[in-house]
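In what follows, every chain begins at residue 1, and chains take the letters A, B, ... in the order their sequences are listed.
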Amino acid sequence: MENPQSLYLSGPSPIQPGELAQSFLTSHWLSRPATQVAPDLIGCTLVRQLPNGDCLRGQIVETEAYEAGDPACHAYRRKTARNAVMFGPAGFTYVYLIYGMYHCLNVVTDRPEFASAVLIRALQLETIPPFTTSRRESPHRLAAGPGKLCRVLQIDLSLTAQVLQPGSPLWLEPRPKSFRDRYPQGQPPLVQTTRIGLSQGGDLPWRWYLADSPAVSKR
DNA sequence: TGAAGGATTTGT
DNA sequence: CAAATCCTTCAC
């Protein structure tokens with residue numbers, strides 16, 4: 001590791017896939033404010049390893065940040081059994097059930113006690129799972145939305161408070177070379193706008209998505 | 001112990 | 001635009 005500090009301080013990880021994986025996947029790179037991590041997660045890969053060993057992979061194309069002091073954050077009022085993981089160190093999952101039928105996946109960010117997380121809102125799937133032979137919807141939109149994403153990756157409450165690292169049910173990988181090569185200036189076309197579906201905090205521009213991705217949930 | 005409501009999705 | 005559906009939170 002030539003410059004560990006850069007992993008902690010700077011933006012998108014410049015490292016190659018497979019390099020410094022442990023540092024990227026665990027706390028350092030994620031131990032920044034959610035509003036910094038959220039745009040940097042765009043282009044990174046989310047990997048889901050099923051109980052049978054099969055892996056499903058998708059490129060993150062849409063995220064939202066939720067921070068301490070943010071009225072839309074589940075940890076805004078106080079620490080509870082549900083949101084407790086957000087008060088801990090970065091690099092853990094926070095999964096919750098919404099409307100009694102969908103799950104949402106978050107990545108815990110920042111330092112302990114600064115309860116915050118990034119909601120993963122949409123993925124562009126690398127491979128279409130064979131069991132999702134949906135004819136009613138185009139394959140590239142199977143994970144376009146936080147609830148749909150969890151449905152196709154088989155993510156439920158049992159996957160909350162899990163560390164994001166290889167061998168776990170879920171982990172993250174840096175932006176692949178193919179992604180970096182797509183944007184020669186090193187700057188992917190990100191759109192920053194307001195978050196979706198909130199009753200409070202709807203004015204904060206804490207949602208980011210990849211402008212040229214067909215898998216974004218809403219425009 | 002009960003009631004209200006939700007970081008969604010889908011179909012009418 | 002409303003239903004589906006159940007966990008979490010807060011009030012009593």
Side-chain angles (χ1 to χ4, degrees), chain A residues 30 33-42 46 48 58 60-88 90 92-110 114-125 128-129 131-162 164 170 172 190-210 213-219:
Chain A
L30 296 170
T35 48
Q36 291 180 35
V37 175
D40 291 351
L41 276 174
I42 305 287
L46 177 68
R48 165 74 165 115
I60 297 172
V61 298
E62 180 182 350
T63 58
E64 285 179 358
Y66 291 84
E67 289 208 333
D70 163 18
C73 181
H74 283 179
Y76 177 60
R77 291 173 179 259
R78 59 193 185 86
K79 183 193 281 188
T80 66
R82 180 178 69 158
N83 65 28
V85 66
M86 280 199 281
F87 289 80
F92 284 77
T93 59
Y94 167 51
V95 179
Y96 66 89
L97 175 67
I98 186 69
Y99 297 112
M101 66 189 77
Y102 295 101
H103 298 271
C104 291
L105 170 68
N106 293 255
V107 174
V108 173
T109 55
D110 217 316
F114 288 74
S116 65
V118 173
L119 171 67
I120 309 300
R121 281 197 58 92
L123 299 178
Q124 189 153 354
L125 295 177
I128 303 304
F131 45 82
T132 57
T133 49
S134 169
R135 328 159 182 66
R136 53 195 327 134
E137 182 161 47
S138 52
H140 64 273
R141 293 196 55 82
L142 280 172
K148 297 167 72 178
L149 176 167
C150 287
R151 187 178 58 192
V152 72
L153 294 190
Q154 302 174 46
I155 295 169
D156 62 19
L157 289 182
S158 72
L159 296 194
T160 197
Q162 303 285 306
L164 287 155
L170 290 162
L172 296 166
L190 297 190
V191 177
Q192 179 178 4
T193 181
T194 52
R195 298 173 293 182
I196 289 180
L198 303 184
S199 55
Q200 297 180 83
D203 50 325
L204 296 170
W206 286 358
R207 172 176 176 240
W208 289 264
Y209 64 84
L210 192 57
S213 170
V216 168
S217 68
K218 291 176 183 174
R219 301 177 184 279

(Q) Under the criterion of centre distance below 5.5 Å and interplanar angle below 30°, is A/Y99 classified as stacked on the base of B/dG6? (A) no

From [options], nucleotide with atom closest to [X] side chain:
| X | options | result |
| --- | --- | --- |
| A/L97 | C/dC10, B/dA7, C/dC6 | C/dC6 |
| A/C104 | C/dC10, B/dT8, B/dT9 | B/dT8 |
| A/E137 | B/dG6, B/dT10, C/dT9 | B/dT10 |
| A/P146 | B/dT9, C/dT9, C/dA4 | B/dT9 |

Q. If you find the nucleotide of DNA chain B closest to A/A144 and the one closest to A/S199, which residue's nucleotide is nearer the 5' end?
A. A/S199

Q: Using both distances under 3.5 Å as the test, list the Watson-Crick or G-U wobble partner of B/dT10, or none.
A: C/dA2

**Q.** Any strand: nucleotide that pairs with B/dT1 via Watson-Crick or wobble, under 3.5 Å
**A.** C/dA11

Q) Can you check whether A/F92 and A/Y94 have ring centres sitting under 6.0 Å from each other? A) no

Q) Short question: side chain of A/R195, backbone of A/E64 - any donor-acceptor pair under 3.5 Å? A) no

Within the 4.0 Å heavy-atom criterion, would you say [X] contacts the bases, only the backbone, or no part of the nucleic acid?
| X | result |
| --- | --- |
| A/R195 | nothing |
| A/G147 | sugar-phosphate |
| A/T80 | sugar-phosphate |
| A/R141 | nothing |

Between [atom2] of [N] and [atom1] of [X], the distance in whole Å:
| X | N | atom1 | atom2 | value |
| --- | --- | --- | --- | --- |
| A/M101 | C/dA2 | CE | P | 16 Å |
| A/I155 | B/dT8 | CD1 | P | 16 Å |
| A/Y102 | B/dT9 | OH | P | 7 Å |
| A/R121 | B/dT9 | CZ | C1' | 11 Å |
| A/K79 | C/dT8 | NZ | P | 17 Å |
| A/I120 | B/dA7 | CD1 | P | 17 Å |
| A/Y76 | C/dT9 | OH | P | 16 Å |
| A/H103 | C/dC7 | NE2 | P | 9 Å |

Q. Crowded around A/R219 CZ? As in, over 12 foreign heavy atoms under 6.0 Å?
A. yes

**Q.** P gap between C/dT5 and B/dG2, integer Å
**A.** 22 Å

Less than 4.0 angstrom between a side-chain N/O of [X] and OP1 or OP2 of [N], yes or no?
| X | N | result |
| --- | --- | --- |
| A/R151 | B/dT10 | yes |
| A/R78 | C/dC10 | yes |
| A/H74 | B/dA7 | yes |
| A/R82 | C/dT9 | yes |
| A/R77 | C/dC10 | yes |

4.5 Å side-chain heavy-atom contact, [X] and [Y]:
| X | Y | value |
| --- | --- | --- |
| A/L41 | A/W208 | no |
| A/S217 | A/R207 | yes |
| A/V118 | A/N106 | no |

